[in-house]
There are 2 protein chains.
Amino acid sequence: MRTVRAGDHLDVVTIHRAVRERVGHVSLQAVYDGLHALHRAGLLRKIEPMGSPARYEARVGDNHHHLVCRMCGTVTDVDCATGEAPCLDPVDAAGFLIEEADVIYWGVCPDCHSQNP
Amino acid sequence: MRTVRAGDHLDVVTIHRAVRERVGHVSLQAVYDGLHALHRAGLLRKIEPMGSPARYEARVGDNHHHLVCRMCGTVTDVDCATGEAPCLDPVDAAGFLIEEADVIYWGVCPDCHSQNP
DNA sequence: GCCCTAAACCTGAATCATTCAAGTAAAGGA
DNA sequence: TCCTTTACTTGAATGATTCAGGTTTAGGGC
Ligand SMILES: [Mn+2]
Ligand SMILES: [Mn+2]
Ligand SMILES: [Zn+2]
Ligand SMILES: [Zn+2]
């Protein structure tokens, strides 16, 4: 939990590495188990942009969205455009019971953009 | 292309089966190759909700979104809530060059909902 | 302190979608 | 007809994640 909080949309192997530095030795499986439990408990949010392994973050329950760089894969938080929890109201829900919205903006981050004119 | 058009957010194995019925024999790899080419050409859209294999659709370029059922996995189209291409304007783009928005609403579809009170 | 159960954790193998590699057949233009 | 490109094939590899046990650890009740 501390490791995910300290990091920024980390993937599992990165979390694994970081947890190891913290406690000496942990198996990758233990990290998967822990993340899974924390996620089920609603303490961690899991996002998986296509092409990338899953990423975890501690910022949960506030319906925020993500900018993902197509070049370097960086994930950046972005607040919801329409206010509180507006993304939960599409024009026509087609009878769906909507629980959560998942919004990813794809583009190029400032760093990658400055390197490619 | 015809198979994807006729279907509705089909995954690759389903497309494979359907194409086979159409032409007798095709390898799965050929289907992957074809879908990849059509996607690169911008003729097909690819979505991959987490936990599910990739799905393809022919409705492209109109910035529409998707409802995904947590129970049965059904994918349903839903028009953009804010009009034309509004989802491309988050409050603060953090310097990102935004090209595309990917919105998935998670919930329970009418069918699954009626079966579970 | 001892016993017992539950939790935490480990190793190793399996899964599954997708991709890589390398080869063959077919087609088409020069 | 020759040469180059495209389409397609088979088989193996990849990589994230999960499954399936087995082993240690910890703590509460007696
Ligand atoms: Mn975030
Ligand atoms: Mn669609
Ligand atoms: Zn970048
Ligand atoms: Zn459903």
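Below, chain A is the first sequence line, B the second, and so on; all start at residue 1. Note that the structure is predicted; figures quoted are calculated from it, not measured.
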Going by the rule ring-ring contact (aromatic ring centres under 6.0 Å, His included), which residues pair with A:His16 if we only count those two or more places apart in sequence or in a different chain?
none
Kindly write out the residues that satisfy side chain to side chain donor-acceptor pair (under 3.5 Å) with A:Ser52, not counting sequence neighbours, or none if the list is empty.
A:Arg55
Partners meeting side chain to side chain donor-acceptor pair (under 3.5 Å) with A:Asp8 (sequence neighbours left out)
none
Tell me which residues in residues 40-60 of chain A put a heavy atom below 4.0 Å from DNA chain C, sorted by number, or none.
none
Positions of residues 4-22 of chain B (non-hydrogen atom under 4.0 Å from DNA chain D), listed by number:
none
Quick one, B:Leu35 and B:Val4 - any side-chain contact, counting heavy atoms below 4.5 Å?
yes
Check step by step if side-chain hydrogen bond (donor to acceptor under 3.5 Å, both in side chains) holds for A:His66 and A:Asp77.
CA-CA 5 Å; A:His66 294 105; A:Asp77 285 331; 3.2 Å; yes
Under a side-chain separation threshold of 4.5 Å, the hydrophobic residues clustered together with B:Leu97 are A:Met71, A:Val108
Grouping ILVMFWY residues whenever side-chain heavy atoms fall under 4.5 Å, the cluster of B:Val68 otherwise contains B:Ile47, B:Met50, B:Val75, B:Ile104, B:Trp106
Can you list every ring pair (Phe, Tyr, Trp, His ring centres under 6.0 Å) pair that touches residues 31-61 of chain A, not counting sequence neighbours?
none
Listing time: all N or O pairs from protein to nucleotides 6-9 of chain D that are below 3.5 Å?
| unit_1 | atom_1 | unit_2 | atom_2 | d |
| --- | --- | --- | --- | --- |
| D:dT9 | OP1 | B:His25 | O | 3.3 |
| D:dT9 | OP2 | B:Ser27 | N | 2.6 |
| D:dT9 | OP2 | B:Ser27 | OG | 2.9 |

Gap between atom NE2 of A:His64 and atom OG1 of A:Thr76 - 0.5 Å precision
10.0 Å
Show each protein N/O and nucleotides 24-27 of chain D N/O combination with a separation under 3.5 Å, one pair to a line.
none

Interatomic distance where NE2 belongs to A:His36 and C1' belongs to D:dC19 [whole Å]:
12 Å
Could you pull out all donor-acceptor pairs under 3.5 Å where a side-chain atom in residues 17-26 of chain A meets a protein atom, sequence neighbours excluded?
| unit_1 | atom_1 | unit_2 | atom_2 | d |
| --- | --- | --- | --- | --- |
| A:Arg20 | NE | A:Val26 | O | 3.4 |
| A:Arg22 | NE | A:Thr3 | OG1 | 3.1 |

Not counting sequence neighbours, list each pair that qualifies as a salt bridge (charged side-chain N to carboxylate O under 4.0 Å, His left out) and has a residue in residues 64-76 of chain A.
A:Arg70-B:Glu99, A:Arg70-B:Glu100
Considering all heavy atoms of both residues, which atom of A:Arg45 and which atom of A:Ala101 are nearest to each other, and what is their separation?
NH2-O, 4.4 Å
